[in-house]
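The structure appears below as C-alpha cells.
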Amino acid sequence: MNTKYIFVTGGVASSLGKGIIAASLAKLLLSRGLRVTIQKFDPYINIDPGTLNPYEHGECYVTEDGAETDLDLGHYERFLGIHTSKANNVTTGKIYHTVITKEREGAYLGKTVQIVPHITDEIKRRMLLLGKTGLYDVIITEVGGTVGDMESQPFVEAMRQLQWEMPEEDFLSVHLTLVPYLKAAQELKTKPTQHSVQELQAQGVHPDIIVCRTEKELSAEIRRKVALFCNVKPGHVIQSIDAWSIYQVPFNMHEEHLDELVVNKLGLKGLPEPDLSALRAFVDKLRNPSKTVDIALVGKYVALQDAYKSIEEAFVHAGVANGCKVQVHRVLSDEVTAENVASKLKGMAGVFVAPGFGERGLEGKVHAIRYVRENGIPFLGVCLGMQMCVVEFARNVLGHPDAASTEANPGTSYPIIDLMEDQKSTTVKGGTMRLGAYDCRLKEGSLARDIYGADLIRERHRHRYEFNEAYTAEFESAGMVISGRNPETGLAEVVELPTHPFYIGVQFHPEYRSTPEQPHPLFCRFIQAASAFLPR
Ligand code: GLN
C-alpha cells in the first residue's frame, strides 16, 4: 500500500483548533489499526519557536530528540501516545535556510533560485519525508496559518502540486472553517466558509472534506448549502461543535463519520471500527470528578491560556487518575511578596512553580516556595521552579542571602544555579540549550524513586543553567536530597526534602510526556498529595 497523505488547512480565522481536529483524525485512524503520524508546517520565518516569547504562539513543546516545536505537537503526542521528532515541525524559516544554504554551496548550478520551484520543491520534499521512512501508512500534515494569508501561499502551492503528482486515492484535503452564529439574526452564517473555500480553490486546491467549527448544530439545510457553494459532496460537510473537552473531539468526529469518509476516499478497505476504549474510559472519568483540588500555578506568563499548555494538560490527566478535577489558579509571580504570599496562596492544596526565563518574577517564586516549604503545602517545581527552590533553600535555610541563579544575578557570591562550562562560550540563542531526553538515575529510598517505580528514567530538558555541584555537600547536610542525577555527567536533576510531606523539584520537564492514557507519575503523586492536604 502507498503511504497516504492528508492535508489539513484552516480558513476564516485562526485559533479554530486545527491541531485538535488533525490530532482527532489521527487518533481515529490509529485506532483503526493504521500507522499514523502528524506533522505541522508553520508559515513563520523563525527557524523554530524556541526563540519566541510564549505570548507569541503559546508554549514551546520539546520532543524526545530535542526539537523546540509548536505546541500542536504536544496535542499530537497526547492524543496519539506517540513520539514526534525534529522532522514533524517545519517552518518557513527552515525551508528558506535549507534552500539558501544549498544556493551558497552552488547546488543550483547557476539557476535563478525562486519560490516556485525551489522553495515549493523543498516544502514538498519535507512534506513527503516521513512517508519515505516506511514507518507510516498515513501522514497527516497540518498547515499552520489561515488560507489567504500571504505567508501560507507556498505551502498551499506545494499541496496543489502534490495533489496532481500522486495517485488520487493517496491524497486528501480537509479544510477547517468557522460557521459563526449571529445572535441578533439568530442564524448560522455560511458566507465566510464559502469565501474561504473559494480562496483555497483559487489557489488550485480542492477540499475533499469541509469541517465547520460551530457553536450550534448545523442543520441538513446548512450542510447542503455549504456543499453546494463549496463544490463538495453534501455528506462531506461535517460539523465540529464546541466540545466540553478537547478529548471529546475524536468521538464527535467519529459520529460525524470523518474517519469513514477519509478511509473511503483513500481506498483503505477492510479496516476495523476505531477502538477508543482507553480514551473513552478517560473521558468518562473526566466528566465525573468526585471532588475539586485547587492548585496554584505560579509563573510569569499567566495571562495567555496557551503559555503553559502541557502543564495544564498534565494536571487534567493527573486529576482523572485521582478521580478529581484539578482547578488551576494562575498566580502572577511578579506580584507575590513576602507580605502577600499567604493571601495569594490561600485555599491552595498544592503549589506548582513553573518553568521560565529571565529575571522577572523570580523573587515572587522564591517567596511562594518559602511559604510552601515552611507550611508543609505540597510542592512541585519544574525547571526554573526547581532552580528557585534551591535558591530559596540556600537563602533561608543555609543562610546565604545573596544566593541566586547567575541568569538573574551574574555577580552573586553564591552562584547555586550556574551555566554549565560548555554553555559559557555559547553566544547563539536558537537551539543551543540542553534540549531533549536524557537519562536520570534515581536514588534508592527517595520519593522520586518511589514515584517512578524505577531507578533509571528518561525525561526531556530545555534549559541552560544547572545546579552548581560545588554546593552539594552543604545542601545535603542541611537535609535537601539530590535524588536524581544524570548517570553520565552527574548533573543534579531532582531535589527533594524528606522532612516535608511532598516537596520535589525537577530540572527536566515531566509535563511533555503526560498523556490521557499514560498520566505522568510525578503529576499524579503531586495531585494525590494535594488532594489529601487540607488547605487553610
Ligand atoms: N531559565 C532557566 C534555564 O535556562 C530555566 C529554563 C526553564 O525553566 N525551562 O536554565
Side-chain angles (χ1 to χ4, degrees), residues 48-64 66-69 71 74 297-302 304 306-312 314 333-334 351-366 368-369 379-392 394 403-410 412 415-438 440 459-469 471 484 486 489 491-495 504-514 522-523:
D48 61 41
T51 50
L52 288 173
N53 184 312
Y55 280 135
E56 293 288 316
H57 291 276
E59 165 194 276
C60 172
Y61 187 78
V62 179
T63 58
E64 288 286 297
E68 296 179 283
T69 71
L71 60 76
L297 187 161
V298 182
K300 69 171 175 176
Y301 309 112
V302 294
L304 183 83
D306 282 349
Y308 298 114
K309 195 78 205 165
S310 295
I311 291 164
E312 301 260 1
S333 49
D334 314 29
V351 173
F352 176 91
V353 178
F357 293 86
E359 201 185 339
R360 181 166 70 79
L362 289 186
E363 292 306 313
K365 288 183 171 173
V366 172
I369 296 167
F379 163 72
L380 175 59
V382 163
C383 208
L384 186 65
M386 174 270 199
Q387 296 178 353
M388 288 307 109
C389 86
V390 300
V391 167
E392 190 280 321
S405 163
T406 54
E407 182 177 11
N409 177 5
T412 173
I416 178 57
I417 300 292
D418 198 7
L419 278 184
M420 283 181 293
E421 270 318 306
D422 60 350
Q423 284 286 349
K424 288 189 179 156
S425 54
T426 306
T427 50
V428 174
K429 288 274 180 275
T432 55
M433 278 187 261
R434 184 174 173 217
L435 289 166
Y438 287 90
C440 171
E459 292 281 11
R460 300 181 202 175
H461 292 248
R462 182 175 186 246
H463 57 104
R464 246 179 248 290
Y465 294 81
E466 302 282 351
F467 182 87
N468 186 339
E469 249 348 281
Y471 303 110
N486 181 300
T489 57
L491 288 170
E493 309 280 35
V494 188
V495 297
I504 188 160
V506 292
Q507 182 59 79
F508 46 73
H509 290 262
E511 68 274 16
Y512 294 140
R513 274 180 166 241
S514 184
L522 255 176
F523 280 85

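Just follow the structure's listing: the first ligand is 1, and inside any ligand the first atom is 1.
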By number and element, which atoms of ligand 1 are closer than 4.0 Å to a non-hydrogen atom of [X]?
X      : result
Gln387 : 2 (C), 3 (C), 5 (C), 10 (O)
Glu407 : 1 (N), 2 (C), 3 (C)
His463 : 3 (C), 4 (O), 6 (C), 10 (O)
Arg462 : 6 (C), 7 (C), 9 (N)
Cys383 : 5 (C), 6 (C), 7 (C), 8 (O), 9 (N)
His509 : 9 (N)

Do [X] and [Y] have side chains that approach each other closer than 4.5 Å (heavy atoms only, starting at C-beta)?
X      : Y      : answer
Arg460 : Phe508 : no
Cys383 : Arg462 : no
Cys389 : Val495 : yes
Thr489 : Tyr438 : no
Cys440 : Asn486 : no

>> Judged on heavy-atom distance to atom 6 (C) of ligand 1, which of Pro355, Gly356, Gly381 sits nearest?
In response: Gly356
> So which protein heavy atom does atom 4 (O) of ligand 1 come closest to, and at what separation?
Replying inline: Arg464 N, 3.0 Å
> Among protein heavy atoms, which sits nearest to atom 10 (O) of ligand 1, and what does the distance come to when rounded to 0.1 Å?
Replying inline: Tyr465 N, 2.8 Å
> What orientation do His463 and His461 show, parallel under 30°, tilted 30 to 60°, or perpendicular over 60°?
Replying inline: tilted
> Under 4.0 Å between a Lys/Arg side-chain N and an Asp/Glu carboxylate O for Arg360 and Asp334?
Replying inline: yes
> Are any of the N or O atoms of Leu384 closer than 3.5 Å to those of ligand 1?
Replying inline: yes
